[in-house]
Amino acid sequence: MCRFIETIRLDNGEIRNLSYHERRLNNTRMHFWHQSTPLQLSGYITPSRETGRIKARIVYGKTGIEEVSYSLYHMREVQSLAIIRSDEIDYTYKNTNRELLNRLFAQRGKCDDILIVKQGLLTDTSIANIALYDGSNWYTPKHPLLKGTKRAQLLAQGIVQEKELGPEDLSSFSIIRLFNAMIDWGEQELPVKALHITF
């Protein structure tokens, strides 16, 4: 079995959304190892003295936390998305095996990233959850590849709503936003017309 990961954002030493990461980590451990003891991530993260946005990457498995590393985060600019279909992909649990995601990403052509369609429904990009704006409300796919921690927070705050969305629904929306633990809500967005269907 591959190992699992949490990617946590630190802003000038402040840990972001820790409770959401702990919940997902412990739910994952309980799913695969029913007798696992809940972990508190705060005991494993050392707030960086470095200023700026830091990515803490935590690798864990059956025995607990196995590795913690830190790096300065640089957001990749995304101005176009290639819509790629993959019905076999499964990334329900955030893990270190990104082989299929990387193969799909390699099919992006001249686009900056991909937006994956699974069983006829929009899911995620290669690294982020998405939300679509119809002029009044923001909707995020009901069945993402990965239920991200930022997505969970936005749902809890009522900022986004879940909805089943297919490629045929895109014409009803004007803007698509990308977000994850490292990318703030509203920090990265592009017009829906910048999406390119490849199938």
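Since we're looking at a predicted model, the values are computed, not measured.
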If hydrophobic clusters are built from ILVMFWY residues whose side chains come within less than 4.5 Å, do [X] and [Y] share one?
X      : Y      : result
Ile89  : Leu115 : no
Tyr91  : Phe179 : no
Val59  : Trp33  : no
Met182 : Ile8   : no
Ile58  : Tyr70  : yes

Side-chain contact test, heavy atoms from C-beta onward, threshold under 4.5 Å: evaluate it for [X] versus [Y] and give yes or no.
X      : Y      : answer
Ile54  : Leu72  : yes
Ser136 : Asp134 : yes
Leu195 : Ile176 : yes
Leu170 : Ile83  : yes
Leu25  : Ile65  : yes
Gln119 : His143 : no
Glu6   : Thr28  : no

For the backbone of [Y] and the side chain of [X], can you confirm whether one donor and one acceptor N or O come within less than 3.5 Å of each other?
X      : Y      : result
Arg98  : Ser126 : yes
Asn97  : Glu99  : yes
Asn180 : Ile127 : yes

Please find the pair of heavy atoms, one from [X] and one from [Y], that lie closest to each other, and give the distance.
X      : Y      : result
Pro167 : Val117 : CG-CG2, 3.7 Å
Ala131 : Trp138 : O-CZ3, 3.7 Å
Arg29  : Thr37  : NH2-O, 3.1 Å
Ile130 : Pro141 : O-CD, 3.4 Å
Leu132 : Leu122 : CD1-CD1, 4.0 Å
Thr123 : Ile116 : OG1-O, 2.6 Å

Query - Non-neighbouring partners of Ser174 that pass side-chain contact (heavy atoms from CB on, under 4.5 Å), sequence neighbours left out - result: Tyr133

Report summary line: Quick note, salt bridge (charged side-chain N to carboxylate O under 4.0 Å, His left out) partners involving residues 110-132, not counting sequence neighbours, are Arg76-Asp113

**Report entry** Contact list for residues 135-154, test salt bridge (charged side-chain N to carboxylate O under 4.0 Å, His left out), sequence neighbours left out
**Finding:** Arg151-Glu162

Query - Qualifying residues under ring pair (Phe, Tyr, Trp, His ring centres under 6.0 Å), relative to His31, sequence neighbours excluded - result: Tyr93

Query raised in the report: Which one of Ile84, Val78, Leu81, Leu145 satisfies the side-chain contact (heavy atoms from CB on, under 4.5 Å) criterion with Thr125?
Result: Leu81

Query raised in the report: Does atom CD of Gln40 have more than 12 heavy-atom neighbours, drawn from other residues, nucleotides or ligands, at distances under 6.0 Å?
Result: no

Query raised in the report: Got a sec: does the CD of Gln35 have more than 12 other heavy atoms crowding it under 6.0 Å?
Result: no

**Report entry** Residue pairs involving residues 183-199 (criterion side-chain hydrogen bond (donor to acceptor under 3.5 Å, both in side chains); sequence neighbours excluded)
**Finding:** Arg9-Asp184, Arg16-Asp184, Arg53-Glu187, Arg177-Glu189

Requested in this report: Can you tell me which residue pairs pass the ring pair (Phe, Tyr, Trp, His ring centres under 6.0 Å) test with a partner in residues 159-178, sequence neighbours excluded?
Outcome: none

Report task. Dump the intermediate steps for side-chain contact (heavy atoms from CB on, under 4.5 Å) on Tyr73 and Ile183, then the final yes or no. Result -> CA-CA 10 Å; Tyr73 182 75; Ile183 302 171; 3.5 Å; yes

